[in-house]
S.K.: 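My questions will all concern the structure given below.
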Protein chains: 2
Amino acid sequence: MNMHNISGGITAAKGFQAACCAAGIKYRGRTDMAMIYSAAPCAVAGTFTTNKVKAAPVLWDMNIVYQEKTAQAVVVNAGIANAATGEKGMDICRQTADCAGKALNLAPSHVLLGSTGVIGPQIPIDRISAGIGMLASALSATQEAGTAASKAIMTTDTVNKECAVEFELPAADGNGTVTVRLGGMSKGSGMIHPNMCTMLGYVTSDCAIAQPLLQKALSQVVPDTFNMITVDGDTSTNDTLLVLANGLAGNQPITEENESYHAFCDALFCVCRTLAVKMAGDGEGATKLIEMRVYGADTKENARALAKSVVGSSLVKAMVFGKDANCGRILCALGYAGPDFDPANIEVYLHGEKDTLCFYKDGCVQDFDEDLALNILSEPQARFSCDMRMGDQEATAWGCDLTYDYVRINGDYRS
Amino acid sequence: MNMHNISGGITAAKGFQAACCAAGIKYRGRTDMAMIYSAAPCAVAGTFTTNKVKAAPVLWDMNIVYQEKTAQAVVVNAGIANAATGEKGMDICRQTADCAGKALNLAPSHVLLGSTGVIGPQIPIDRISAGIGMLASALSATQEAGTAASKAIMTTDTVNKECAVEFELPAADGNGTVTVRLGGMSKGSGMIHPNMCTMLGYVTSDCAIAQPLLQKALSQVVPDTFNMITVDGDTSTNDTLLVLANGLAGNQPITEENESYHAFCDALFCVCRTLAVKMAGDGEGATKLIEMRVYGADTKENARALAKSVVGSSLVKAMVFGKDANCGRILCALGYAGPDFDPANIEVYLHGEKDTLCFYKDGCVQDFDEDLALNILSEPQARFSCDMRMGDQEATAWGCDLTYDYVRINGDYRS
């Protein structure tokens, strides 16, 4: 497959425009609303938080993804989550979609919504309406517009997150191939412990693909990308991941699970993993990314559970922050993950850019070079692996260290 | 029932002695070994960590509790966990029990063991042997000896944890009643997320009770006491809770689930809950205890899951540290706990010593007095409750706040 990374994000694919504005929803002196618009109606797929307390825009989007299956625009705000806002919160959604529909000449049911921020307060609808006016008149297909949108949806994120890829698919007219693009943006960075899906993530593509296959591709990709990251174990009320595909690339429409479908899945996997790892590394207060790869597991599910348990352990996270090679904590987190295994049979490693240290094998913590371990733990990423020696299944999970700043940020988030 | 609290701990019950010594296992300038000894053989019950990686002393004790069902002494060390130590770690257990058995004139299979501290290193057996010699000659039935033992098993605990109760049961000779006592000690305070049981906890009693009923009583009491606390979500490799009953109180032996059995269960519940709450409040770095009571739930299991989810949430823990009444986080943690419920139907409260604030009802976060909330969150405990309005089941969970000190302590635990 001839996929490669390109610069850009949600405006990389043909026919997609973006805009942002400072609507003053909660923050001052920064942009806090974003819009994505497609020149043509899109097949839309999505996954949503499994939290029983779902924010109003999550319920709104679920209806569109599961019933309408078509959309043409997305409106997102940062600062207030529109969660735990009752019937009034749903009204805000209806009014927002109505307002954007009028501005873009779309049915409100083709306008997806997203909110992130504090749970509880109502969103001031007048500011949303004013914001939509600004957004609709600022739409642009430039790369800069996509980047600006990815910054407008940030809350405690320290960097914006976007990426894009392109690959070739057979042309619709049968003459050779056309270039298909996928681009995405996402935001974290606290209350991150996706289950089915995570945070706010938006992926756009000009690929022509039937909606059921778009949803299927997303469902296949999420378990090993967004669902393999954690920042603090808290599954948010607002997690939303949407994929919009408008078909403007001119490829032979994907209507079955053929080679083109698998090429699309690979590209979607690449974009989702890149966005997910960026979110994990930019977790609240984080100074470094933690990666845990579990291989030789008996089942894929067990490999995932074991890897996630390690990156989710507060004690592992704190030890990475302290550059302390306290490998017993990795073993402990594997042990309470759930899957059955023989502790005497597994092996645990720490991987540096150049060196690899064996932490544990034959049932015992090994003697290792503490200075070398300190050096490796001083690198920008902390990479661990575990060979379960039970089978051939593997999974990788990503998280971040637990720092003083996480406590500072979350001790007084609302003010 | 005429139960009441008395001062003391593991030496409160008749026939129990304790001792401690500075064996220099890892710490310097403090006691780090403790011994409990009963003048008569004890029925013994226990619960142990569900972590797949079980420390050597856990495996040792499981054999005694499940096979022998009788013991007469316990030897505990702090500093090194004897976990992930392979066959050599089991040898250390055998040698420790042999040595204590000789010193106390007991079969090694009647000597229970416990270790807490760093995972990985081997315990220096020569220091253990020397320690046992000191312990055996220092045994004492005084309250001070029990208190000193509870201090010797501490790791990052800031205070020792002990308690005792007494109550009346029918005398064995049929003449009126006799006083029966239960006393206990425990240590936390990191890697605390019990599942079946937690940490190191020892309860002694002079009650005459058949071993199967002792085990049954413990199994009934643990789910609502030790299993309802969490500090950091990490279920340790070493969690061990043991109850020893030597029958020296002279009560009519409890051989069926009669009134006396229920009185014993109530007393055991009281001791276990007191020790558990003390552990939660003394979690690593903690400045205050968090209590979450869930009532009106449809099932007991759901009430427990909901309450534990809230006290285990990093975001709730950090907000309590910051005295920030960000009640959306409580709602969020209820929502990802697992049990199904209607978010529009539940109510969430904050309880101060004098005032109660309604945080959430009718599907919306409520307007509340922020100054009053700040005042309440400045009290020594943070107490929340949630009415699920679905049934009549309830449960309470305990945890602690997430602080800079938790990060500091765990960023460099080994040194």
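All values below were derived from every heavy atom in this structure, side-chain atoms included, with hydrogens, water molecules and symmetry-related copies excluded. Chain naming here is simple, since letters A, B, ... match the order of the sequence lines and numbering starts at 1 in each.
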S.K.: Counting heavy-atom pairs under 4.5 Å with chain B, which one of A/G335, A/P339, A/G363, A/G338 comes out on top?
M.R.: A/G335
S.K.: With a 4.5 angstrom heavy-atom cut-off, could you sort out which part of B/D367 is near chain A: side chain, backbone, both or neither?
M.R.: neither
S.K.: With rounding to the nearest 0.5 Å, note down the distance linking CG in B/L402 to OH in A/Y406.
M.R.: 7.0 Å
S.K.: Mind checking the CG-NZ spacing from B/L331 to A/K52? Nearest 0.5 Å is all I need.
M.R.: 13.5 Å
S.K.: Quick one, A/P121 and B/V365 - any side-chain contact, counting heavy atoms below 4.5 Å?
M.R.: no
S.K.: Got B/V53 and A/L334 here, is their nearest side-chain heavy-atom distance under 4.5 Å?
M.R.: no
S.K.: So what's closer than 4.5 Å to chain B heavy atoms on A/A84: side chain, backbone, both or neither?
M.R.: both
S.K.: Within the distance-only criterion (no hydrogens, no angle test), does the side chain of A/D362 pair as donor or acceptor with the backbone N or O of B/G86 below 3.5 angstrom?
M.R.: no
S.K.: Please look at A/Y360 and chain B and tell me whether the side chain, the backbone, both or neither of the residue comes under 4.5 angstrom of a heavy atom of that chain.
M.R.: side chain
S.K.: When only pairs under 4.5 Å are counted, which of A/A337, A/S314, A/A81 shares the most heavy-atom pairs with chain B?
M.R.: A/S314
S.K.: Are any of the side-chain heavy atoms of B/I119 and A/R329 separated by less than 4.5 Å?
M.R.: no
S.K.: Given the options B/D401, B/V316, B/D340, which has more heavy-atom pairs under 4.5 Å with chain A than any of the others?
M.R.: B/D340
S.K.: A/T403 versus chain B, heavy atoms under 4.5 Å apart: side chain, backbone, both or neither?
M.R.: backbone
S.K.: Heavy-atom distance under 4.5 Å between the side chains of A/F321 and B/V407, does that happen here?
M.R.: yes
S.K.: Of all of A/G312, A/G120, A/A344, which one pairs up most often with chain B through heavy atoms under 4.5 Å apart?
M.R.: A/G120
S.K.: Within a strict 4.5 Å, meaning less than it, do heavy atoms of the B/D405 and A/Y404 side chains meet?
M.R.: no
S.K.: For the CD atom of A/Q122 and the SG atom of B/C364, what is their distance to the nearest 0.5 Å?
M.R.: 5.5 Å
